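Beneath this line is the structure, given in structure tokens, with notes to follow.
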Amino acid sequence: MLALDNVAELENARILSRAFFARDPRKVARELLGKLLVRRDGETEVLAGRIVETEVYLGRDDPAAHAAAGRTARNSVLFGPPGHAYVYFIYGNHYCLNVSCMPAGEAGSVLFRALEPIFGAQQMARNRGLNPSPPGKWTRPLTIGPGRLCQALAITRSRDNGKDLVSPASDLIIMRDGFRVPRITATPRIGITKAADRLLRFVIPGNPFVSGKK
DNA sequence: ATATCGATTATCT
DNA sequence: GATAATCGATATG
């Protein structure tokens, strides 16, 4: 499988099934915690991060979701088959990555909010325009937050929107490696104004790469 | 330490 | 024309 074979961190990892995503995104968001988001660039470069923070966006019954008003040119991936990338541009500056859930025809997705770098942190820093040299805490700002993690993995709408995230041929895939999350906490979603009270954000509590205070 | 604010553009009303 | 699933810089206690 191209360059993945050479990465020790991924030698036991397998791509998730399409069926994993053909379900209620509330279930998918919880179970995505501890999985791996893997970016492949060319023949040699591999970037990988463990998913430590997710958010759920539903369909018509969720006013905060892009799918709330129905299908448009921008959000059409959300209504397509499960396991595909929905990438959108926000605040004139940032990209955010979702994976489509539910069977084709029904909207619903999970937003990737934070990763723990597992492989390729040096290149992630370069993608972010940061100086990779100072040792110690330099990995923290790489992948905390939906905009930052997209920049770290070089995810853009033109390159990745609509991409199949469970195809071995894709350069952006989601994998499992047997890692078990100790615990899951649900909180309100970040940065929204509508339906702000619903507990649709999921984190691995205590993980240092979860966004938020301390 | 927390709070506020400006950047910058695709998308929708 | 207003808004937005954000980030990073600056101001303030």
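Chain naming here is simple, since letters A, B, ... match the order of the sequence lines and numbering starts at 1 in each. If you're wondering where the values come from, they're calculated on a predicted model, not measured in any experiment.
Closest approach to the A:R148 side chain among C:dG8, B:dT11, C:dT6 is made by C:dG8 (side chain taken as heavy atoms from C-beta onward).
Among the candidates A:R26, A:R113, A:R189, the single residue satisfying the salt bridge (charged side-chain N to carboxylate O under 4.0 Å, His left out) test with A:E55 is A:R113. Of the listed residues (A:I51, A:T54, A:D177), just one forms a side chain to side chain contact (heavy atoms under 4.5 Å, CB included) with A:K35, and that residue is A:I51. Partner of A:F202 under the side chain to side chain contact (heavy atoms under 4.5 Å, CB included) criterion, chosen from A:V110, A:T187, A:V56: A:V56.
At whole-Å resolution of the value, OH in A:Y91 and C1' in C:dA2 are 13 Å apart. Summarising the geometry, the separation between CG on A:L58 and P on C:dA5 is reported as 14 Å, rounded to the nearest angstrom. Atom CD1 in A:I90 sits roughly 14 Å away from atom P in B:dT9 (whole-Å rounding). Between the CZ atom of A:F112 and the P atom of C:dA5 there is a distance of 18 Å, given to the nearest Å. Counting to the nearest Å, the C1' atom of C:dC7 and the CZ atom of A:R113 are 12 Å from each other. Rounded to whole angstrom, the span from the CZ atom of A:R198 across to the C1' atom of C:dA5 amounts to 15 Å. Here B:dT11 presents its P atom at 13 Å from CG of A:L78, a figure rounded to the nearest Å. Atom pair A:N161:CG and B:dT11:P shows a separation of 10 Å (rounding to whole Å applied).
On a pure distance criterion of 3.5 Å, a polar donor-acceptor pair joins the side chain of A:Y88 and the base of C:dA5.
Between A:R157 and A:G92, the residue anchored closer to the 5' end of DNA chain B is A:G92, taking for each the nucleotide with the nearest heavy atom. When the nearest nucleotides of DNA chain C are assigned to A:Q151 and A:F89 by heavy-atom distance, the more 5′-ward of the two goes with A:F89. The residue among A:H94 and A:R74 whose nearest nucleotide of DNA chain B is located toward the 5' end is A:H94.
In this structure, A:I192 reaches the sugar-phosphate backbone alone: every heavy-atom distance under 4.0 Å involves primed, P, OP1 or OP2 atoms, never a base. Within the nucleic acid shown, A:R128 comes within 4.0 Å of sugar-phosphate atoms alone, with no base atom in reach, counting heavy atoms only.
Between A:F89 and A:Y95, the ring planes are tilted. Angles from 30° to 60° get that label.
In the displayed structure, A:R14 atom CZ is contacted under 6.0 Å by at most 12 heavy atoms of other residues, nucleotides or ligands.
Between the side-chain ring of A:Y57 and the base of C:dA5, a stacking contact exists by the 5.5 Å and 30° definition.
In terms of phosphate contacts, A:R189 brings no side-chain nitrogen or oxygen within less than 4.0 Å of OP1 or OP2 of C:dA4. Applying the 4.0 Å criterion to OP1 and OP2 of C:dA5, one finds that A:R201 has every side-chain N and O outside that range.
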- Task: Please test A:L36 against A:I173 for side chain to side chain contact (heavy atoms under 4.5 Å, CB included), starting from the C-alpha separation and ending with a verdict.
- Result: CA-CA 8 Å; A:L36 299 170; A:I173 50 181; over 6 Å; no

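Looking at residues 64-73 of chain A, you'll see A:T72 sit with a heavy atom under 4.0 Å from some atom of DNA chain B.
Within the cation-pi definition used here (under 6.0 Å to the ring centroid, within 45° of the axis), A:R18 does not qualify as a partner of A:F21.
Within the shown strands, B:dA7 is the pairing partner of C:dT6 under the Watson-Crick or G-U definition, both distances less than 3.5 Å.
Evaluation of the ring pair (Phe, Tyr, Trp, His ring centres under 6.0 Å) rule for A:F119 yields no partner, not counting sequence neighbours.
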